[in-house]
Asker: 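I have a structure here, written as structure tokens, and I will follow up with some questions on it.
Along the sequence shown, residues are numbered consecutively beginning with 1.
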Amino acid sequence: MKIIAWNCRGLGNRSADRGLLEPQKSEGADILFLSETKLDRHRMERFRWMLGLPNMIVREGEGQGGGFAVFWRRGIDVSLRNTARYYINVDVREDDGFEWRFTGVYGESQGDLKYRTWEHLRGLHLQPAKPWLCAGDFNEILFSHEKEGGRPRSQGCMDRFREAMEHCQLHDLWCEGDIFTWRNHSHVAADYIRERLDRAIANDLWMMRFPSYRVINGDPKHSDHRPVV
């Protein structure tokens with residue numbers, strides 16, 4: 001099974017739509033999580049057929065921004081567990097009846113409010129134990145080497161993310177490809193910033209079930225974020 005999590009930075013214009021369709025054509029995701037879609041459910045409907053992923057759960061954004069969705073193929077058993085401002089949480093049932101959990105994450109971007117993402121993550125940990133995979137844009141880094149340019153990230157911010165992961169018994173799944181999943185595209189070298197904001201993390205049960213997993217940071221296309229494959 002192949003899963004893609006991507007902050008697509010808005011849909012509904014030609015370049016963004018093409019940028020979404022090309023990775024799906026080349027990668028062939030079975031489950032696709034998109035964040036920052038900036039579209040309501042009605043406008044997201046057409047992407048089900050364009051992507052060849054007819055099943056869809058949408059959480060609309062607040063105001064003009066945000067929003068996320070999960071799409072999946074026919075024949076894959078996905079059921080919604082719950083959704084909130086920072087995530088969509090689903091159960092995936094394999095052909096042999098084995099169930100595991102996938103959470104698509106879109107973390108809080110405002111520095112003084114990022115604790116809310118970690119509170120939500122801790123709340124998800126209270127649900128019945130299952131193999132658990134989380135992927136998406138966490139809007140935070142774990143270590144200082146995951147950022148180049150701009151002001152250094154405060155140690156406290158990184159520690160809070162790491163402490164939330166440790167509390168939930170989640171581990172970073174190391175990636176292939178460019179480590180930096182976000183960049184600001186500044187044309188002035190002194191202002192150029194890149195960070196590893198997007199990643200996949202999982203618990204021991206999930207890693208034991210899928211020991212041959214691979215995580216690849218893909219081509220960002222039109223977005224300033226790379227998809228996590």
Asker: Grab the two heavy atoms, one from K147 and one from G149, that are nearest each other, plus how far apart they are.
Answerer: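 The pair with the smallest heavy-atom distance is CE-O, 3.1 Å.
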Asker: Is it true that the NZ or CZ of R101 lies under 6.0 Å from the centre of W132's six-membered ring and within 45 degrees of the ring axis?
Answerer: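 Yes, R101 sits over the ring of W132.
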Asker: Under a 4.0 Å threshold between the charged nitrogen and the carboxylate oxygen, would R199 count as salt-bridged to D137?
Answerer: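 No, this pair does not count.
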Asker: If you measure from SG on C8 to CG on L20, what distance do you get to the nearest 0.5 Å?
Answerer: 6.5 Å
Asker: A side-chain contact here means heavy atoms from C-beta on lying under 4.5 Å apart; do N139 and Y106 qualify?
Answerer: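 With C-beta onward as the side chain, the pair touches.
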Asker: First locate atom CD of E27, then atom CD1 of I3, and finally report the distance between them rounded to the nearest 0.5 Å.
Answerer: 13.0 Å
Asker: Got more than 12 heavy atoms from elsewhere within 6.0 Å of NE2, H42?
Answerer: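 Incorrect, the count does not exceed 12.
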Asker: Just checking F138 against F161, ring centres under 6.0 Å apart?
Answerer: yes
Asker: Is the closest side-chain heavy-atom distance between L197 and I141 below 4.5 Å?
Answerer: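 Yes. Closest side-chain heavy atoms under 4.5 Å.
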Asker: Would you say the side chain of F143 lies within less than 4.5 Å of the side chain of R162, judging by non-hydrogen atoms?
Answerer: yes
Asker: Can you tell me how far apart CG (D30) and CG (L53) are? Round to the nearest 0.5 Å.
Answerer: 8.0 Å
Asker: First locate atom CZ of F71, then atom CE of M50, and finally report the distance between them rounded to the nearest 0.5 Å.
Answerer: 10.0 Å
Asker: Please round to the nearest 0.5 Å and tell me the distance separating atom NE2 of H120 and atom CD of E108.
Answerer: 9.5 Å
Asker: Taking C-beta and beyond as the side chain, do D224 and R9 meet within less than 4.5 Å on heavy atoms?
Answerer: yes
Asker: Write down the atom of R48, the atom of P54, and the distance for their closest heavy-atom approach.
Answerer: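 Smallest heavy-atom distance, with atoms named: NH1-O, 2.9 Å.
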Asker: Taking side chain as C-beta onward, heavy atoms only, is F68 less than 4.5 Å from L34?
Answerer: no
Asker: Find out whether K130 and D91 are in side-chain contact, i.e. whether some heavy atom of one side chain is under 4.5 Å from a heavy atom of the other.
Answerer: yes
Asker: Does a donor on one side chain sit under 3.5 Å from an acceptor on the other, for E36 and N7?
Answerer: yes
Asker: With a 4.0 Å cut-off, would you call R153 and E195 a salt bridge?
Answerer: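 Yes, R153 and E195 are salt-bridged.
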Asker: Charged N to carboxylate O below 4.0 Å: is that the case for D172 and R196?
Answerer: yes
Asker: Under the side chain to side chain contact (heavy atoms under 4.5 Å, CB included) criterion, do R160 and M165 qualify, and how do the steps go?
Answerer: CA-CA 9 Å; R160 283 186 282 275; M165 285 179 54; over 6 Å; no
Asker: Answer with yes or no whether the side chains of H171 and N203 bring together a donor and an acceptor at under 3.5 Å.
Answerer: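 No donor-acceptor contact under 3.5 Å links the two side chains.
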Asker: For the hydrophobic clusters of this structure (ILVMFWY residues joined by side-chain heavy atoms under 4.5 Å, transitively), does one cluster hold both V78 and M1?
Answerer: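 Yes; tracing contacts between hydrophobic side chains, which count when under 4.5 Å, links both residues.
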Asker: Quick check on salt bridge (charged side-chain N to carboxylate O under 4.0 Å, His left out): which of D198, D219, D178 does R226 satisfy it with?
Answerer: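 Checked D198, D219, D178 against R226; only one passes salt bridge (charged side-chain N to carboxylate O under 4.0 Å, His left out): D178.
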Asker: Do F98 and R93 touch side chain to side chain, with heavy atoms closer than 4.5 Å?
Answerer: no
Asker: Taking all non-hydrogen atoms of both residues into account, name the closest pair between G107 and Y86 and its distance.
Answerer: C-CD2, 4.2 Å
Asker: Answer with yes or no whether the side chains of N89 and T103 bring together a donor and an acceptor at under 3.5 Å.
Answerer: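 Distance-only check passes for T103 and N89.
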Asker: A side-chain contact here means heavy atoms from C-beta on lying under 4.5 Å apart; do P128 and R81 qualify?
Answerer: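 With C-beta onward as the side chain, the pair touches.
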Asker: For R73 and A29, indicate whether the former's side chain and the latter's backbone hold a donor-acceptor pair under 3.5 Å.
Answerer: yes
Asker: For N217 versus C175, what's the shortest heavy-atom pair and its separation?
Answerer: ND2-SG, 3.2 Å
Asker: Looking only at non-hydrogen atoms, find the nearest pair between M158 and S144 and report the distance.
Answerer: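 For M158 versus S144, the nearest heavy atoms are SD-N, 3.4 Å.
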Asker: Apply side chain to side chain contact (heavy atoms under 4.5 Å, CB included) to the pair W6 and S35, showing each step before the final yes or no.
Answerer: CA-CA 6 Å; W6 191 19; S35 59; over 6 Å; no
Asker: Surrounding CZ of R214 (heavy atoms of other residues, nucleotides or ligands, distance under 6.0 Å), is the total greater than 12?
Answerer: no
Asker: Is there a donor in the side chain of N82 and an acceptor in the side chain of Y87, or the other way round, less than 3.5 Å apart?
Answerer: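 Checked: N82/Y87 side chains pair up, N/O donor to acceptor below 3.5 Å.
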Asker: Can you tell me if CG on D95 sees more than 12 non-hydrogen neighbours from other groups inside 6.0 Å?
Answerer: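 Atom CG in D95 is not crowded, with 12 or fewer foreign heavy atoms closer than 6.0 Å.
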Asker: Shared ILVMFWY cluster between L32 and F47, side chains joined below 4.5 angstrom?
Answerer: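 The answer is yes; both residues are in one hydrophobic cluster.
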Asker: Return the orientation label for the F210 and W206 ring planes: parallel under 30°, perpendicular over 60°, tilted otherwise.
Answerer: tilted
Asker: Which distance, rounded to the nearest 0.5 Å, do you find between the CZ of R209 and the CG of L205?
Answerer: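 It comes to 11.5 Å.
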Asker: For W118 and E140: C-alpha separation, side-chain torsions, deciding distance, then whether side chain to side chain contact (heavy atoms under 4.5 Å, CB included) applies.
Answerer: CA-CA 11 Å; W118 317 138; E140 188 55 272; 3.8 Å; yes
Asker: Give a yes or no on whether V215 and V229 share a hydrophobic cluster (residues Ile, Leu, Val, Met, Phe, Trp, Tyr; joining criterion: side-chain heavy atoms under 4.5 Å apart).
Answerer: no
Asker: Would a single hydrophobic cluster contain both M207 and L124, if residues Ile, Leu, Val, Met, Phe, Trp and Tyr are joined by side-chain heavy-atom contacts under 4.5 Å?
Answerer: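 No, it is not one cluster - the side chains of L124 and M207 are not joined through contacts under 4.5 Å.
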Asker: Quick one: does N184's side chain have a donor or acceptor within less than 3.5 Å of a partner on I193's backbone?
Answerer: yes
Asker: Any Lys/Arg nitrogen of R194 or E146 sitting under 4.0 Å from an Asp/Glu carboxylate oxygen of the other?
Answerer: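 No, no charged N to carboxylate O under 4.0 Å.
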Asker: When clusters are formed by joining ILVMFWY residues with side-chain heavy atoms under 4.5 Å apart, either directly or through shared neighbours, do V92 and V228 land in the same one?
Answerer: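 Yes, one cluster joins them.
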Asker: State whether R41 and E60 are salt-bridged, where the test is any N-O pair (Lys NZ or Arg NE/NH1/NH2 against Asp/Glu carboxylate O) under 4.0 Å.
Answerer: no
Asker: With side-chain hydrogen bond (donor to acceptor under 3.5 Å, both in side chains) as the test, would you mind laying out the steps for W100 and E94 before giving the verdict?
Answerer: CA-CA 8 Å; W100 52 278; E94 301 279 350; 2.8 Å; yes
Asker: Assess the residue pair R85 and R116 against the criterion (side chain to side chain contact (heavy atoms under 4.5 Å, CB included)); give the C-alpha distance rounded to whole Å, side-chain angles, the decisive distance to 0.1 Å, and a yes or no.
Answerer: CA-CA 10 Å; R85 179 170 181 170; R116 294 179 177 176; 4.1 Å; yes
